[in-house]
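Here's the structure we're looking at; comments come further down.
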There are 2 protein chains.
Amino acid sequence: MITNKNCVIRLSRYKNALYRLQSLGFVRVFSDNLADAIGVLPSQVRKDFSLFGITGNKRGGYNIDSLIEKLNTILGKDQLQKVVIVGTGNIGSALMKYKGFEKEGISIAACFDIDPAKINRQAKIPVLPLEELKDFARANQIKIGVIATPDVAAQSALEMMLSAGIKGVLNFAPLRLRAPAEEIVINNVNLELELENVIYFVNALDKTRAA
Amino acid sequence: MITNKNCVIRLSRYKNALYRLQSLGFVRVFSDNLADAIGVLPSQVRKDFSLFGITGNKRGGYNIDSLIEKLNTILGKDQLQKVVIVGTGNIGSALMKYKGFEKEGISIAACFDIDPAKINRQAKIPVLPLEELKDFARANQIKIGVIATPDVAAQSALEMMLSAGIKGVLNFAPLRLRAPAEEIVINNVNLELELENVIYFVNALDKTRAA
DNA sequence: TGGATATTGTGAAATGAGGAACATTATGAT
DNA sequence: ATCATAATGTTCCTCATTTCACAATATCCA
């Protein structure tokens with residue numbers, strides 16, 4: 001099993017680039033096209049593919065259609081992925097409306113909130129009481145959850161997900177969640193931190209240039 | 001200059017953990033406390049600090065107040081950072097309302113959109129026509145921008161930012177932006193990709209366990 | 001058909017980040 | 001005041017990831 005996160009992220013990027021090339025009418029692609037598209041070296045592209053047993057044709061490059069298919073299989077995109085969101089604040093509701101997931105074969109099955117005023121069972125994406133998370137997730141075989149709650153609620157949201165049989169979490173709360181690593185995969189997205197990082201490098205470059 | 005992004009991200013995490021410890025009334029902290037708080041080894045904490053010239057007291061650990069101060073200086077948080085957002089779709093408007101930035105000393109000075117229907121000069125965070133970006137950014141000394149436009153508009157948004165003197169960008173559009181690396185820092189946040197990554201590891205772990 | 005060439009696939013080298021270990025020194029107890 | 005001890009700061013080492021380099025080979029053209 002490949003555990004290198006960067007490598008898997010590159011696979012997703014290759015796939016996105018391939019969809020663009022495909023829609024432009026291209027049929028074949030070479031490692032240096034893909035490399036340029038996502039900003040790495042051609043040898044990196046070939047090495048990544050090699051790691052996952054993807055092969056092309058010497059002198060002929062890779063067939064775009066079959067490459068996309070292989071990447072989708074590796075990335076688990078050959079079947080629709082249903083996810084649930086906990087928390088319907090700013091981020092939660094933006095994610096609910098976000099079109100980007102649908103076109104990637106990711107469907108938001110339901111949202112959950114602790115606030116009774118937020119409940120809406122009739123909406124296209126229903127908003128349900130948090131207590132129902134466990135039953136809903138089990139009944140609908142949900143394996144992936146998104147945590148978009150305030151900080152203080154995040155850990156308990158995670159624990160509810162764990163007990164609901166959820167195996168993967170995308171966490172937007174800016175703190176470290178505690179869970180047994182063998183049981184659940186957690187990816188963190190921290191917007192403040194990403195911005196802070198940009199700010200650091202802008203300042204650092206500035207200082208370097210000044211010197 | 002330190003170019004290791006992970007290392008800078010850890011600094012931000014230390015800072016967040018320190019604020020929590022501070023609010024709990026702690027005065028001193030040891031490398032293993034911080035390590036545990038953000039999920040790394042104590043030697044990593046000390047190494048990180050050492051890289052940035054932060055020192056504590058042998059046997060006495062680090063003083064929380066002064067450590068926070070040092071980190072804030074390093075991270076460029078000693079002064080209020082003003083940012084602009086281009087694009088007022090789902091993500092753009094979620095960011096506008098998001099409370100997380102304010103408490104980190106990041107203030108959203110204005111949003112910009114190409115759609116005249118979105119313009120609102122009276123709002124607390126004004127929404128202005130895209131043509132005004134350049135003048136606004138220059139007049140207000142904005143150095144940091146957020147791209148929250150649809151894919152097709154992202155590259156041109158970046159170029160407007162470049163010409164407006166913006167030096168750092170947080171990009172939510174799921175494609176690679178082209179720009180001279182010496183002139184501008186770009187961080188990408190790609191939500192589909194993050195979810196895809198979670199999905200991959202959930203599947204991969206599942207297969208490993210089955211075998 | 002055959003030879004020239006472009007492109008892959010992979011083994012080996014280089015790079016860089018993370019972890020271990022330990023010498024150093026500040027603190028607190030006796 | 002002295003000693004035992006706990007924590008830092010830094011050096012060294014290991015390991016993973018990236019990059020290089022080149023042999024193998026499919027394709028194209030004459």
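The figures that follow rest on heavy atoms only: side chains count, while hydrogens, waters and symmetry mates do not. Chain naming here is simple, since letters A, B, ... match the order of the sequence lines and numbering starts at 1 in each. Remember, predicted model here, so these are calculated numbers, not experimental data.
Annotation: of the two residues near DNA chain D, G61(B) and G60(A), the 5′-most nearest-nucleotide partner is G61(B). In this structure, F49(A) and C7(B) both approach DNA chain C, and ranking their closest nucleotides by distance from the 5' end singles out F49(A).
Between the CG atom of L67(A) and the C1' atom of dG9(C) there is a distance of 15 Å, rounded to whole Å. Between L34(A) atom CG and dT8(C) atom C1' there is a gap of 13 Å when expressed in whole angstrom units. Separating the CZ atom of R46(B) from the P atom of dC22(C) is a distance of 14 Å, rounded to the nearest angstrom. Going from atom CG of N63(B) over to atom C1' of dT8(D) covers 15 Å, rounded to whole Å. Residue K5(A) contributes atom NZ, which lies 18 Å from atom P of dA17(C) at whole-angstrom precision. When rounded to the nearest whole Å, the span between CE of M1(A) and P of dA16(D) equals 14 Å. A straight line from CD1 of I2(B) to P of dA17(C) spans 11 Å, rounded to a whole angstrom. As a whole-Å value, the separation of D32(B) CG from dT8(D) P is 7 Å.
Y14(A) and D48(A) are linked by a side-chain donor-acceptor pair at a separation below 3.5 angstrom, with hydrogens and angles left out of the test.
Regarding contacts with the backbone of dT8(D), a side-chain N or O of S31(B) is found under 4.0 angstrom from either OP1 or OP2. Distances shown here put a side-chain N or O of Q44(A) below 4.0 Å from the OP1 or OP2 atom of dT19(D). The side chain of Y62(B) contributes an N or O atom lying less than 4.0 Å from OP1 or OP2 of dG9(D).
Of all nucleotides listed (dT10(D), dT8(D), dT18(D)), dT10(D) comes nearest to the side chain of S50(B). Listed nucleotides dT8(D), dG9(D), dG18(C) differ in distance to T55(B); the shortest reach to its side chain belongs to dG9(D). Considering only side-chain atoms of N6(B), the nucleotide from dG9(D), dT8(C), dG18(C) that sits closest is dG18(C). For N57(A), counting side-chain heavy atoms from C-beta on, the closest listed nucleotide (dA26(D), dT8(C), dA20(C)) is dA26(D). The side chain of L41(A) lies closest to dC20(D), out of dC20(D), dG18(C), dT17(D).
Rounding to the nearest 0.5 Å gives a distance of 13.5 Å between CD of E69(B) and NZ of K15(B). Atoms CG and CG, from D78(B) and N72(B) in turn, are 7.5 Å apart once rounded to the nearest 0.5 Å. To the nearest 0.5 Å, the span separating CD1 on I54(A) from CG on L71(A) amounts to 4.5 Å. The CD atom of Q22(B) sits 10.5 Å away from the CG atom of L67(B) when rounded to the nearest 0.5 Å. Between F112(B) atom CZ and L128(B) atom CG the span is 4.5 Å, to the nearest 0.5 Å.
On a pure distance criterion of 3.5 Å, no polar donor-acceptor pair joins the side chain of K58(A) and the base of dT7(C). Judged by distance alone with a 3.5 Å cut-off, a donor-acceptor contact links the side chain of R59(A) to the base of dT27(D). At a cut-off of 3.5 angstrom, counting only N and O atoms as typed in the model, there is a donor on one side and an acceptor on the other between the side-chain of K47(B) and the base of dG19(C).
Within the 4.0 angstrom heavy-atom criterion, only backbone atoms of the sugar-phosphate kind lie near R10(B); the bases stay farther away. Across all strands shown, N4(A) has heavy atoms under 4.0 Å from sugar-phosphate atoms exclusively, and none from any base.
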